[in-house]
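Here the structure is laid out as structure tokens; the discussion comes afterwards.
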Amino acid sequence: MSLYQTMEEDGKTYVGTVVPIDFNLLPDDYLLVVISKKGFPFITEMDKEFTVPRAYYENQTLAYRSFQANQVINDITKNYKNQFQKIMALGHSEGSDVVAKLGTINKKITHFGYWSGGGNTQFMDFVTFIRKDVDKGNLTEEQAKLKIDSLFVDLKDIMANPNATDKFWQGSTNSYKRWSGFSEPPVENLLQIEKPIFVAIGTKDQAVALESAYLIPIEFIRHKKDNLTFKVYPHLDHVFGKEIEDGKFEEHLNDVFVDFLNWVNGE
């Protein structure tokens, strides 16, 4: 989806956005920059079919996304010299991997937000969730073995065709090029960052294995690094929602955002 969408109803034009942050929470002296996916228009019509552009698949990689963010930061700081006391890079889910990589190439960033991301390669999450299903009694050991063996076949095929944009896995918009590009363990990049890092993860995250996120503080301890703030949010899911009953959720993403802002201001 584009960052913004319009909808016509009863002669009125409504504008919606996929950006989940409440802009009213931003202090007056903050500038928020959100980077669109490559090839996507800034605004589209709501519920109107949108063909994902070829440029998106060609640049659906960790290397490009981090390069893109680096260029944006460098351009802003060049054109508005001495305007910024602090520069924060905040990424959620796939964006957290981007922020970790970005930290290895951009030295202007002063604070990093790493939300709903693991420490291990994303490939490991699939094995972990299969094993969790065994523990819950949802799969037998025999069924789990078959699923994991099939997973390994898929992963080998991805890494044998790392630049394929016409082959997809885990959805029709996730190309092999995307998966191979995001296969490196983010913790290896996080460890290269010397500036303060705020890691946030919900205990009910259904997309990233919580065990993978715990690898981050373990590795920082092992490497005797003290620039990490690691915060676990009980009962919250991948987008920091809390299920209060079947299908109904409380949204707490902006609570996490406030925690992040308070942390930045305290550093």
Side-chain angles (χ1 to χ4, degrees), residues 18-21 33-38 40 56-73 87-107 109 111-129 155 158-159 162-163 165 168-171 173-202 205-220 225 227-232 237-240 253 256 260:
V18 295
V19 181
I21 292 171
V33 178
V34 183
I35 304 172
S36 184
K37 298 290 180 67
K38 180 72 171 180
F40 277 57
Y56 170 73
Y57 294 117
E58 292 292 345
N59 296 280
Q60 194 186 15
T61 64
L62 179 61
Y64 178 78
R65 295 278 303 280
S66 53
F67 161 80
Q68 182 188 43
N70 181 56
Q71 289 291 93
V72 169
I73 292 171
I87 298 174
M88 295 99 77
L90 173 59
H92 172 265
S93 191
E94 181 180 291
S96 65
D97 293 52
V98 176
V99 160
K101 189 72 171 181
L102 178 62
T104 68
I105 59 178
N106 189 294
K107 305 307 177 185
I109 301 167
H111 298 77
F112 292 85
Y114 188 90
W115 291 8
S116 300
N120 222 323
T121 171
Q122 293 182 10
F123 291 160
M124 189 64 194
D125 287 336
F126 295 97
V127 175
T128 304
F129 282 125
L155 298 184
I158 289 170
M159 299 313 293
N163 295 312
T165 57
F168 300 87
W169 188 66
Q170 293 293 315
T173 58
N174 292 317
S175 68
Y176 275 25
K177 187 171 186 177
R178 181 263 173 222
W179 284 111
S180 65
F182 277 88
S183 64
E184 61 185 65
V187 71
E188 295 178 2
N189 292 323
L190 289 171
L191 286 168
Q192 296 182 51
I193 299 173
E194 300 301 331
K195 302 293 178 58
I197 305 169
F198 181 95
V199 172
I201 186 81
D205 197 310
Q206 70 276 42
V208 173
L210 184 60
E211 294 85 347
S212 179
Y214 274 115
L215 178 64
I216 298 171
I218 291 295
E219 284 297 285
F220 271 70
K225 292 178 64 70
N227 60 318
L228 174 71
T229 296
F230 182 77
K231 193 158 185 178
V232 174
D237 61 18
H238 189 61
V239 292
F240 300 114
L253 185 142
V256 178
F260 175 67

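Keep in mind that this is a model prediction, so the values were computed, not measured.
- Interatomic distance, L102 CG to S96 OG, rounded to the nearest 0.5 Å: 12.5 Å.
- The two atoms that bring V99 and A89 nearest to each other are CG1-O, 3.8 Å, heavy atoms only.
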Salt bridge (Lys or Arg N to Asp or Glu O under 4.0 Å) assessment of K177 paired with E58 | CA-CA 8 Å; K177 187 171 186 177; E58 292 292 345; 3.8 Å; yes
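- In this structure, the side chain of N120 does not engage the main chain of P185 through any donor-acceptor pair within 3.5 Å.
- Closest of all the heavy-atom pairs between S36 and Q68 is O-NE2, 3.4 Å.
- Taking CD from E188 and NZ from K101, the interatomic distance works out to 9.0 Å, rounded to the nearest 0.5 Å.
- Expressed to the nearest 0.5 Å, how far CZ of R178 lies from OG of S183 amounts to 9.5 Å.
- Without hydrogens or angle criteria, S212 side chain to G119 main chain gives a donor-acceptor distance under 3.5 Å.
- A distance-only check finds no donor-acceptor pair linking the side chain of W169 to the backbone of I158 [under 3.5 Å].
- Put simply, NE2 on H111 and CD1 on I87 are 11.0 Å apart, with the number rounded to the nearest 0.5 Å.
- Residue G118 comes nearest to V208 through the heavy atom pair N-CG1, 3.5 Å, listed as atom of the first residue, atom of the second, then distance.
- Nearest heavy atoms, Y114 versus I216: CE2-CD1, 3.7 Å.
- Residues T121 and P186 approach most closely at N-CD, 4.5 Å, considering heavy atoms.
- With sequence neighbours left out, E211 forms a salt bridge (charged side-chain N to carboxylate O under 4.0 Å, His left out) with K132.
- Between the side chain of Q206 and the backbone N or O of H238, at least one donor-acceptor pair lies under 3.5 Å.
- Atom CZ of F220 sits about 7.0 Å away from atom CD1 of I193, to the nearest 0.5 Å.
- The OH atom of Y64 lies 12.5 Å from the CD atom of Q60; values are rounded to the nearest 0.5 Å.
- Between Y56 and F40, the two ring planes are perpendicular [angle over 60°; tilted spans 30° to 60°].
- For S180 (side chain) and P162 (main-chain N/O), a donor-acceptor pair under 3.5 Å exists by modelled atom type.
- The side-chain heavy atoms of V199 and F112, taken from C-beta on, include no pair separated by under 4.5 Å.
- Shown here are the ring-ring contact (aromatic ring centres under 6.0 Å, His included) partners of F129, two or more places apart in sequence or in another chain: there are none.
- Side-chain contact, Q122 with D97: a donor N or O sits under 3.5 Å from an acceptor N or O.
- In this view, F240 and W115, Y233 satisfy the ring-ring contact (aromatic ring centres under 6.0 Å, His included) rule, not counting sequence neighbours.
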